[in-house]
Amino acid sequence: MGFLSVLSFAHKLVKERVRSGDAVVDATVGTGVDTLFLAQAAGETGTVYGFDIQPQALALAEERLRKALGERCRIADGSGPEGGRANVRLLLRSHAELAAALPAPLHGRIAAVMFNLGYLPAAFADTGVITLAETTLPALEGALAVLKPGGIATIVLYPGHEGGGAEADAVERWCAALPGTTAQAVIYRMLQKSDAPYMIALEKK
Ligand SMILES: C[S@@+](CC[C@H](N)C(=O)[O-])C[C@H]1O[C@@H](n2cnc3c(N)ncnc32)[C@H](O)[C@@H]1O
């Protein structure tokens, strides 16, 4: 049967904690797999905030969301007045600005933040554009600041590509150093393959 993949395990942990109407965050939208999953978990009355620094990623995600959810999904870039009604807000911003980008009333009320690090998994993508510890760590700080008590952050790490190992080590050290009174940190990793993707989850106290 085998164990769940890291992505499926991240979805399982998030699904157990997100309710219809919740506000949630996809910190690395990419092609929108997690954005769609979060939109379905939070429902029409919930809100998903999605971050990516590549316009092509947000366009792919928007296409995926519209195909899967059709009229049930309202998308906005968060800049115009229609942003107030949108249940998915795709932001062309770095996740390092996560806390600053979310409305103040939502601070401490976010149910889940998902990170899927690395590069955009698309045929045309520039695999040189990767997430980096220098922005990922501030983003994790931001995630912990906006999560509600009992809220979860999932981080899928890719030590196998160039630069991925250094980022994964930095993230792992940062998470391991968190005081237990701030968050509980767990790791899900295949022990026989050191370069396989793995996941860290944080539950805010
Ligand atoms: C592994 S992909 C995410 C995969 C995504 N979950 C999917 O379904 O395709 C990582 C994404 O992070 C984005 N990224 C890189 N640096 C970023 C940053 N500072 N802030 C937000 N997104 C970033 C990349 O552009 C890329 O699309």
Side-chain angles (χ1 to χ4, degrees), residues 4-15 18 24-42 48-69 73 75 77-79 88-102 110 112-146 152-168 170-172 174 188-189 195-201:
L4 286 178
S5 71
V6 287
L7 298 176
S8 300
F9 193 52
H11 284 192
K12 176 177 159 54
L13 293 178
V14 169
K15 201 166 186 180
V18 172
V24 295
V25 174
D26 185 350
T28 49
V29 167
T31 66
V33 172
D34 292 338
T35 323
L36 174 58
F37 162 75
L38 286 167
Q40 287 166 329
V48 185
Y49 290 85
F51 293 80
D52 207 294
I53 53 169
Q54 299 193 73
Q56 312 92 291
L58 298 185
L60 286 172
E62 179 164 354
E63 195 184 328
R64 183 190 294 281
L65 288 158
R66 289 207 190 282
K67 251 190 213 152
L69 302 174
C73 177
I75 299 175
D77 64 6
S79 58
V88 181
R89 301 183 194 187
L90 296 175
L91 308 175
L92 185 63
R93 289 177 78 161
S94 169
H95 45 215
E97 301 169 46
L98 196 151
L102 294 192
I110 299 293
V113 182
M114 298 188 76
F115 291 83
N116 188 345
L117 303 176
Y119 53 81
L120 179 63
F124 60 80
D126 177 355
T127 55
V129 181
I130 57 171
T131 52
L132 297 166
E134 65 206 53
T135 40
T136 304
L137 297 184
L140 287 170
E141 297 260 13
L144 276 183
V146 300
I152 189 166
T154 57
I155 312 147
V156 175
L157 302 132
Y158 296 84
H161 67 253
E162 204 180 326
E167 181 186 37
V171 168
E172 204 175 314
W174 186 88
Y188 183 67
R189 183 167 201 173
D195 62 351
Y198 66 102
M199 193 208 57
I200 292 175

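Read the numbers this way: they start at 1 and go in the same order the structure lists the ligands and their atoms.
- For atom 20 (N) of ligand 1, the closest heavy atom belonging to the protein is His95 N, 2.9 Å.
- Considering Glu167, Glu162, His161 as possible partners of Ile130, the one that fulfils the side-chain contact (heavy atoms from CB on, under 4.5 Å) test is His161.
- At under 3.5 Å, a nitrogen or oxygen of Gln54, whether backbone or side chain, sits near a nitrogen or oxygen of ligand 1.
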Does the side-chain contact (heavy atoms from CB on, under 4.5 Å) test come out yes or no for Leu98 and Phe51, once each step is laid out? CA-CA 8 Å; Leu98 196 151; Phe51 293 80; 4.1 Å; yes
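- No donor-acceptor distance shorter than 3.5 angstrom exists from the side chain of Ser8 to the backbone of Leu4, with no hydrogens or angles considered.
- In this structure, Ala96 has no heavy atom closer than 4.0 Å to ligand 1.
- Residue contacts with ligand 1 include Ala27, since one of its heavy atoms falls under 4.0 Å from the ligand.
- Ranking the protein heavy atoms by distance from atom 11 (C) of ligand 1 puts Asp52 OD2, 3.6 Å first.
- The side-chain contact (heavy atoms from CB on, under 4.5 Å) with Thr35 is formed by just one residue from the set Val48, Leu58, Ile75; it is Val48.
- Atom 19 (N) of ligand 1 has as its closest protein heavy atom Ser94 OG, 3.1 Å.
- The shortest N/O to N/O separation between Tyr119 and ligand 1 does not fall below 3.5 Å.
- In this structure, a donor-acceptor pair under 3.5 Å is absent between the side chains of Asp195 and Tyr158.
- At the shortest separation from atom 16 (N) of ligand 1 among protein heavy atoms lies Ile53 CD1, 3.4 Å.
- With hydrogens left out, the protein atom closest to atom 15 (C) of ligand 1 is Thr131 CG2, 3.4 Å, a heavy atom.
- Heavy atoms of Leu117 approach ligand 1 to within less than 4.0 angstrom.
- With hydrogens left out, the protein atom closest to atom 8 (O) of ligand 1 is Val33 N, 2.9 Å, a heavy atom.
- Of the protein's non-hydrogen atoms, the one nearest atom 10 (C) of ligand 1 is Asn116 O, 3.3 Å.
- Within the structure, ligand 1 has Val29 among the residues with a heavy atom less than 4.0 angstrom away.
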